[in-house]
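Right, one structure below, let's go through it.
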Amino acid sequence: MPVLLFLIDTSASMNQRTHLGTTYLDIAKGAVETFMKLRARDPASRGDRYMLVNFEDVPVGIKAGWKESHATFMTELRNLQATGLTSIGQSLRTAFDLLNLNRLVTGIDNYGQGRNPFFLEPAIIIAITDGNKLTSGSGVQDELHLPLTTPLPGSELTKEPFRWDQRLFALVLRIPGNASVEPEPLGGVPSDDSAITPMCEVTGGRSYSVFSQRMLNQCLESLVQKIQSGVVINFEKTGPDPPPLEGKRRSFPPPHTSGIQPWHCCHKLIYVRPNPKTGVPIGHWPIPEAFWPDQNSPTLPPRSAHPHVRFSCVDAEPMVIDKVPFDKYELEPSPLTQYILERKSPHTCWQVFVSNSAKYSDLGQPFGYLKASTALSCVNLFVMPYNYPVLLPLLDDLIKVHKFKPTIKWRQSFETYLKTMPPYYIGSLRKAMRIMGAPNLLADNMEYGLSYSVVSYLKKLSQQTKIEYDRLIASIGKKTPPEAGIKVRWRGGGISLAQRRDFIQQLQSLTGDGPIVPMELNPKEFQGFHLALLNKGLKPQSFRNPYDIPRSHLLDQLSRMRRNLLNMGACALRGQDSDQLHSVPIAQMGNYQDFLKAAPQPLRDADPEQPKRLHTFGNPFKLDKKGMMIDEADEFVTGPQNKGKRPGDSNNLPGGGPKRRRCMSPLLRLGKAYTPPVTPPGSPRHPTGDVNRHYGSSDTDEMDLPPAPPPVLENHTSVDPQVLPQTDEAQNGQPRADELPLGSEDREEVTLMGSEEPGPRFLSPEALKKHIHGETTKINNELRTLITKEIRKPGRYYEKIFLLLKQIQGTLDTRLIFVQNIIKEAARFKKRVLIEQLENYMEEIHNRSTNMNHVGPL
């Protein structure tokens, strides 16, 4: 998982504008976003971690570290401002310390026990600066100096502030303020001559001198290609040069014509490829330390960040034995790889050493070799066991000759080899022999070469680093309190000097020359700023010294003080106008959550049982989908859900809970339901009833009425509509207002009681027909509404439905079609018992009408 740390120059010089109209800081922000878009094309970018550091002091300068999210990174990047000094040395040290914060906790560096290339945390620092002079509080510096002191524990174990898997690249912006007429040079981007360039080269990176937007995009694409998993190693030649090969052309001059060749010393990367199955690099053998570990030494000598690997130009035979593991790393293209490939000898190798790694030898014993690939496409570094020319033949004899049954002589040779091997190789050798299937030839009590004091010191450092890590992580994102200063108040009521009409004349009278360019002066631009204090011990006074007021101004000052005292509570916002009160930066316009946090706590609801209304800030069409139900018609109404319960299910809670509200039935849509034409009956009767007055069919009744206990089917006709309770008025021939009137003997026409005024006394046949049709349709629609609501209710109490059906107005066809629609509505709710009763009722109406037609002519 590579770490990409952006070090952005936020000094005041980054405010200079280019010929494109943007500042250097804007270009730097755009470069970071472009880099992230280019990097996102690679599938391996999913594990990237982005960090952001600017030129402020710690911890304010760390904008995004180990715990911050990608959204925080982007927010902090957009909020960067160019104010301050060019303290690039301190900022670089901060960046390196941030990367090295948890290395001692994880044990990646493995101090005193060899360097493991497969234990790495690749990191790339991309610094974007303008390349100006290095400024600090002490003055202007010509060279880049990193602070020697750091709060990071264990920093004394490495000479440099960086590690071998960390590289620094710098984008030095040199875009001019005026557009250049000369064409841009083609080819690669040159390095810059600023003070940061040597630091980039030391870490294995480089700098880019950017003169245009096109060159900037070219540099970003190059940086994306350089995100590789690997470590930087110093390769140095030891011994004489190799003899020239006959008949081969060389791109380098012969050794007698010049001294040091470019390939003699290379500072390049070796690629550590991750395992395609696990995604983590796997290795077996370390690169030896540059010292022989002493068990009596209380401390460890500091190591260099990059190991110095020496290679001998004497051709040797590459050695590889079956079942003995080895590590293979590809070298980054360099003059050394070019020289080896030009020799075109893939069957020979050059051995590599680390000075002072052996006990009795300055050069040490070989731990691997450099060898060109068989296809001569690259050069590989093979890391083998320490002093492999001695160990590999012994292991080969153990496998082929002794069949894993070592003799005494073989054991003596093996013991002799172990004395020349650094003790920290014991763990790797034990794992390798386990892979080979060899018996345990190494004692379990063999020491690893570190003294007890060194081991205790490393454990103590790990604990201290963990504490420092937690402290720094907690401090990131916290704003430091501003320094004490004199706050300058803006007098909103008065007129600024720059706003006076005679300002230019007064300025010309003072200076003698008028302004060439009209000045754009904003009186609100510098409101609320502070004046810094040179003397930190001086406390600013918010009140004026009365002795500083001239004698002639005392009365005026008293009147002003009196006015301020008397008007203190009446106008608290006197220094602000209406525009300023409602001015909000664009970046903060959508920050509604912070506004809610700052708002006072609202009073509790008077009725806590009412559902709380959620705000729909930012989206006027936002709906609460938690209480939403959708039926087969893809229509919804909001309301509480009762999942898994049907309206007629006997498992419902006793007493009834909140009912499910379904979508509006087609019968309730008055304008869409089919109503057949109605012919007026022989003796029309005008409706005079109001259905809602009888049954109270409001929308809340459906939710408030408890479900009635379901009666058995035989009791359906237990209540005869003709045997209804009657009062004295009903016995006198006047029915009650809250009862349904009884029908006639043939039950063909039943009307509703009400208080509507009758129609005109004398109407034409056409008008009378339209009036009867309208009144009939209105009554049937009201009946349809009431019947539909009764069908929705749970239980099998259907008496009210049949009472309402007896009041249908219209001809026989109208009533039959009406009953058919009611049957369809009951089918939607799967009320089979009601459907059977409705079908019997419809057949009864049809039979009664047929009988009447047969009896009529008699």
Side-chain angles (χ1 to χ4, degrees), residues 1-11 14 24-40 42 44-84 87-103 105-106 121-129 150-152 161-163 165-171 203 205 220 223-224 227 465-466 468-480 585 587-588 590-591 593-594:
M1 184 178 66
V3 179
L4 304 173
L5 190 149
F6 291 95
L7 180 60
I8 307 298
D9 186 355
T10 53
S11 60
M14 291 291 286
Y24 275 3
L25 185 61
D26 296 334
I27 294 177
K29 295 178 181 179
V32 174
E33 295 181 357
T34 305
F35 178 88
M36 298 174 68
K37 293 178 182 178
L38 294 175
R39 175 60 179 167
D42 190 358
S45 63
R46 297 178 180 178
D48 294 349
R49 180 182 295 276
Y50 290 94
M51 299 183 181
L52 182 64
V53 178
N54 65 354
F55 281 13
E56 297 181 73
D57 295 335
V58 181
V60 183
I62 304 175
K63 301 300 181 181
W66 290 100
K67 296 294 185 180
E68 281 66 34
S69 62
H70 181 73
T72 304
F73 174 88
M74 297 303 299
T75 302
E76 294 293 341
L77 176 66
R78 298 188 185 100
N79 295 337
L80 289 180
Q81 296 180 359
T83 56
S87 56
I88 192 170
Q90 178 65 43
S91 302
L92 270 178
R93 185 74 197 213
T94 301
F96 287 130
D97 289 347
L98 180 63
L99 294 175
N100 301 330
L101 200 55
N102 61 342
R103 296 180 74 94
V105 179
T106 58
E121 194 174 55
I124 290 181
I125 301 176
I126 302 175
I128 305 179
T129 178
T150 174
L152 183 66
F162 51 87
R163 303 296 182 263
D165 52 359
Q166 301 169 0
R167 292 177 292 165
L168 172 64
F169 295 90
L171 297 175
T203 60
L220 294 176
L223 285 176
V224 171
I227 302 178
T465 307
K466 180 62 176 176
E468 178 66 19
Y469 175 82
D470 295 337
R471 186 195 65 81
L472 184 61
I473 292 301
S475 63
I476 294 176
K478 292 184 178 180
K479 296 182 179 180
T480 57
Q588 299 179 4
N591 195 354
Q593 298 298 329
D594 291 348

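Note that the coordinates shown come from a computational prediction; the quantities given were computed from them, not determined experimentally.
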Report the C-alpha separation of Leu168 and Leu92 in whole Å, then their side-chain angles, then the decisive distance to 0.1 Å, and conclude whether the side chain to side chain contact (heavy atoms under 4.5 Å, CB included) test is met. CA-CA 9 Å; Leu168 172 64; Leu92 270 178; 4.0 Å; yes
Does the pair Lys63 and Glu68 meet the rule for a salt bridge (charged side-chain N to carboxylate O under 4.0 Å, His left out), with working shown? CA-CA 9 Å; Lys63 301 300 181 181; Glu68 281 66 34; over 6 Å; no
In sequence, state the C-alpha distance, the side-chain angles, and the governing distance for Leu472 and Val58, and then conclude on side chain to side chain contact (heavy atoms under 4.5 Å, CB included). CA-CA 9 Å; Leu472 184 61; Val58 181; 4.2 Å; yes
Applying side chain to side chain contact (heavy atoms under 4.5 Å, CB included) to Glu121 and Asn102, what does each step give before you reach the verdict? CA-CA 11 Å; Glu121 194 174 55; Asn102 61 342; 4.1 Å; yes
List the steps, then state whether side chain to side chain contact (heavy atoms under 4.5 Å, CB included) holds for Asp42 with Val224. CA-CA 9 Å; Asp42 190 358; Val224 171; over 6 Å; no
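Pairs engaging residues 72-81 under the side-chain hydrogen bond (donor to acceptor under 3.5 Å, both in side chains) rule: Ser69-Thr72 [sequence neighbours left out].
Put simply, OG1 on Thr465 and CG on Asp470 are 11.0 Å apart, with the number rounded to the nearest 0.5 Å. Ile128 contributes atom CD1, which lies 9.0 Å from atom CG of Leu7 (distance to the nearest 0.5 angstrom). Atom CG of Leu52 and atom CG of Leu5 lie 7.5 Å apart (nearest 0.5 Å). Note that CD1 of Ile126 is 3.5 Å distant from CZ of Phe35, once rounded to the nearest 0.5 Å. In this structure, Ser91 OG and Phe55 CZ are separated by 5.0 Å, a value rounded to the nearest 0.5 Å. Rounding to the nearest 0.5 Å gives a distance of 12.0 Å between OG1 of Thr83 and CE of Met14.
Using a 4.5 Å heavy-atom cutoff, the side chains of Leu38 and Leu223 are not in contact. Put simply, the side chain of Arg103 reaches to within 4.5 Å of the side chain of Asp165, judged on heavy atoms.
Here the shortest heavy-atom pairing between Phe96 and Gln166 reads CD2-OE1, 3.7 Å. Nearest heavy atoms, Arg163 versus Asn100: CG-OD1, 3.5 Å. Of all non-hydrogen atoms in Leu98 and Gly65, the two that sit nearest each other are CD2-CA, 4.4 Å. Of all non-hydrogen atoms in Asp9 and Leu25, the two that sit nearest each other are O-CD1, 4.0 Å. Nearest heavy-atom pair, Lys466 versus Val105, reported as atom, atom and distance to 0.1 Å: N-CG2, 3.9 Å. Residues Met51 and Phe73 come closest through the heavy atom pair O-CE1, 3.4 Å.
Ser45 places a side-chain N or O within 3.5 Å of a backbone atom of Arg39 that can act as its donor or acceptor partner.
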